[in-house]
Trainee: 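The structure follows.
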Amino acid sequence: MAGVDYTLDDVRGTVGGAGELWRHAVLRRDPSDAEAAGRGLVTALASALDETPGNGAVGDELDRLARVAVKSVDDDSAEGLLDTVLRGWSGIVESLRQAGQVASSGSGSVVQLNRSGGGVPKLPVSEGTVGPRGLEGDAQATRRHHGRPWQALCLWSAEVVDAFAADGHPIAYGSAGENMTIGGLDWSDVQPGVRLRVGSALAEVSAYALPCSTNSRWFLDGDHALMHHERGPVSRVYAWVREPGAVATGDEVSIVP
């Protein structure tokens with residue numbers, strides 16, 4: 001993320017979410033394959049904070065250190081702390097990748113690109129440029145839970161949206177705020193660590209997007225929990241942008257190693 005001027009809130013939201021990123025990465029996977037890398041992140045973050053790494057569960061240790069980091073981060077320490085978490089997370093998903101727990105192939109296409117000046121629904125555009133902060137021209141109504149480096153893009157499955165609509169929910173592409181509505185991929189493969197080549201850009205899935213009440217209007221009885229990842233492969237996902245590039249409706253989306 002060198003060269004990107006992230007705010008202190010961006011850094012707090014990333015470092016503070018280190019434990020949650022770990023839990024999303026190992027969800028429905030064998031965490032032992034990433035244990036060493038997770039411990040490595042604990043050690044690196046503790047060192048950056050002059051704290052002593054503990055022996056508790058990886059997620060719990062990261063939560064503890066994150067609370068310290070969020071309180072102490074300032075302009076001088078922000079870049080180092082952010083880099084520590086990004087490197088650590090990359091090591092965790094690379095360990096899972098080497099263990100064969102991350103999908104390495106699959107293809108689909110961009111059914112719709114979506115952006116807005118803030119809030120939902122996001123509206124379709126035919127093409128755009130993707131950078132470290134996401135789809136150019138897109139914004140969030142509130143950045144309290146959005147807009148952090150690992151949330152540069154929000155992706156969702158056209159087939160999942162279609163299934164909800166077929167069940168009578170008043171939902172459409174872009175309604176729930178995804179930047180890219182993607183068709184043709186097995187959505188159960190689109191888990192943290194999966195790399196997606198979209199147009200000339202490269203994105204890497206970071207975490208599942210938690211549904212909130214803003215999206216209640218798209219579901220019968222306001223049950224936005226229907227798109228929670230605990231319900232299966234129905235969740236939107238967030239992604240970092242690893243390589244900026246141009247994207248357009250109809251572009252191929254390929255899972256790459």
Side-chain angles (χ1 to χ4, degrees), residues 1-2 4 6 10-73 77-106 132 148-153 155 186 188-197 202-210 229-230 233 235 237-243 255-257:
M1 297 297 176
V4 182
Y6 290 114
D10 292 334
V11 176
R12 290 187 184 101
T14 300
V15 177
E20 196 65 16
L21 285 170
W22 159 263
R23 283 184 279 270
H24 281 238
V26 299
L27 183 68
R28 303 189 190 98
R29 291 166 164 162
D30 182 353
S32 65
D33 288 325
E35 180 75 15
R39 293 288 170 192
L41 175 53
V42 169
T43 299
L45 191 54
S47 177
L49 295 167
D50 292 323
E51 292 281 322
T52 301
N55 295 317
V58 170
D60 292 342
E61 288 300 315
L62 289 174
D63 287 342
R64 178 179 67 84
L65 293 168
R67 288 192 290 270
V68 175
V70 167
K71 291 179 181 178
S72 64
V73 65
S77 62
E79 184 175 352
L81 285 172
L82 182 60
D83 185 63
T84 295
V85 173
L86 298 188
R87 288 178 181 273
W89 188 89
S90 292
I92 289 166
V93 295
E94 183 58 29
S95 296
L96 293 168
R97 188 175 289 112
Q98 292 299 319
Q101 294 204 60
V102 178
S104 60
S105 64
R148 293 166 283 191
W150 53 276
Q151 297 171 311
L153 292 172
L155 316 174
D186 183 342
S188 64
D189 286 340
V190 184
Q191 300 176 328
V194 164
R195 295 169 176 161
L196 299 169
R197 176 65 69 182
L202 180 67
E204 186 175 58
V205 177
S206 57
Y208 300 100
L210 300 180
H229 60 268
E230 291 178 349
S235 174
V237 296
Y238 288 124
W240 323 82
V241 175
R242 294 307 192 191
E243 296 176 11
I255 296 177
V256 296

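Because the structure is a prediction, the values reported are computed rather than measured.
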Trainee: Tell me whether Ser206 contacts the main-chain N or O of Tyr238 through its side chain, where contact means a donor paired with an acceptor under 3.5 Å.
Mentor: yes

Trainee: For Arg195, is there an ion pair with Glu94 - N to carboxylate O distance below 4.0 angstrom?
Mentor: yes

Trainee: Hey, mind stepping through Ser72 and Leu49 against side chain to side chain contact (heavy atoms under 4.5 Å, CB included) and telling me if it holds?
Mentor: CA-CA 8 Å; Ser72 64; Leu49 295 167; 3.8 Å; yes

Trainee: Please report the closest heavy-atom contact between Thr14 and Pro149, naming both atoms and the distance.
Mentor: OG1-CD, 3.1 Å

Trainee: Taking 4.0 angstrom as the limit, do Arg87 and Asp83 come out as a salt bridge?
Mentor: yes

Trainee: So which atom in Val73 and which in Ala78 form the shortest heavy-atom distance, rounded to 0.1 Å?
Mentor: CG2-CA, 3.7 Å

Trainee: Which heavy atom of His24 sits nearest a heavy atom of Ala207, and at what distance?
Mentor: ND1-CB, 3.5 Å

Trainee: Would you say Val205 and Leu196 make side-chain contact, with heavy atoms under 4.5 Å?
Mentor: yes

Trainee: Specify the closest pair of heavy atoms between Ala239 and Leu155, including all atoms of both residues, with the distance to one decimal.
Mentor: CB-CD1, 4.2 Å

Trainee: Evaluate the side-chain proximity of Asp33 to Ser95: yes if any heavy-atom separation is below 4.5 Å, no if none is.
Mentor: no

Trainee: Kindly say whether the aromatic ring centers of Trp240 and Trp89 come within a distance under 6.0 Å.
Mentor: yes

Trainee: Distance alone, cut at 3.5 Å: any donor-acceptor contact between the side chains of Arg28 and Gln191?
Mentor: no

Trainee: Taking the side chain as everything from C-beta on, heavy atoms only, tell me whether Arg29 gets closer than 4.5 Å to Pro192.
Mentor: yes

Trainee: So, Arg39 and Glu61, do they make that salt bridge, N to O below 4.0 Å?
Mentor: no

Trainee: For side chain to side chain contact (heavy atoms under 4.5 Å, CB included), just list the numbers for Val194 and Val256, CA-CA rounded to whole Å, side-chain angles, deciding distance to a tenth of an Å, and then say yes or no.
Mentor: CA-CA 8 Å; Val194 164; Val256 296; over 6 Å; no

Trainee: Is a side-chain N or O of Gln151 found less than 3.5 angstrom from the main chain of Arg148, in a donor-acceptor match?
Mentor: yes

Trainee: Atom CG of Leu41 and atom CG of Leu62: how far apart are they, to the nearest 0.5 Å?
Mentor: 5.0 Å

Trainee: Determine whether a donor-acceptor pair (N or O, by modelled atom type, separation under 3.5 Å) exists between the side chain of Ser47 and the backbone of Thr43.
Mentor: no

Trainee: Please report the closest heavy-atom contact between Leu45 and Val85, naming both atoms and the distance.
Mentor: CD1-CG2, 4.5 Å

Trainee: Would you call Arg23 and Asp63 a salt bridge, taking side-chain N to carboxylate O under 4.0 Å as the test?
Mentor: yes

Trainee: Step by step, would you call His229 with Leu210 a side chain to side chain contact (heavy atoms under 4.5 Å, CB included)?
Mentor: CA-CA 8 Å; His229 60 268; Leu210 300 180; 3.5 Å; yes

Trainee: Please report the closest heavy-atom contact between Val237 and Val190, naming both atoms and the distance.
Mentor: CG1-O, 3.8 Å

Trainee: Does a donor on one side chain sit under 3.5 Å from an acceptor on the other, for Asp30 and Gln101?
Mentor: no

Trainee: To the nearest 0.5 Å, what is the distance between OG (Ser90) and CZ (Arg242)?
Mentor: 4.0 Å

Trainee: Suppose we screen for side-chain hydrogen bond (donor to acceptor under 3.5 Å, both in side chains). Which residues come up paired with Arg12, at least two apart in sequence or across chains?
Mentor: Asp9

Trainee: Could you give the distance from CD (Glu204) to CG (Leu153), rounded to the nearest 0.5 Å?
Mentor: 12.5 Å

Trainee: Please examine the side chains of Asp10 and Leu82, heavy atoms only from C-beta on, and report whether any two atoms are closer than 4.5 Å.
Mentor: no

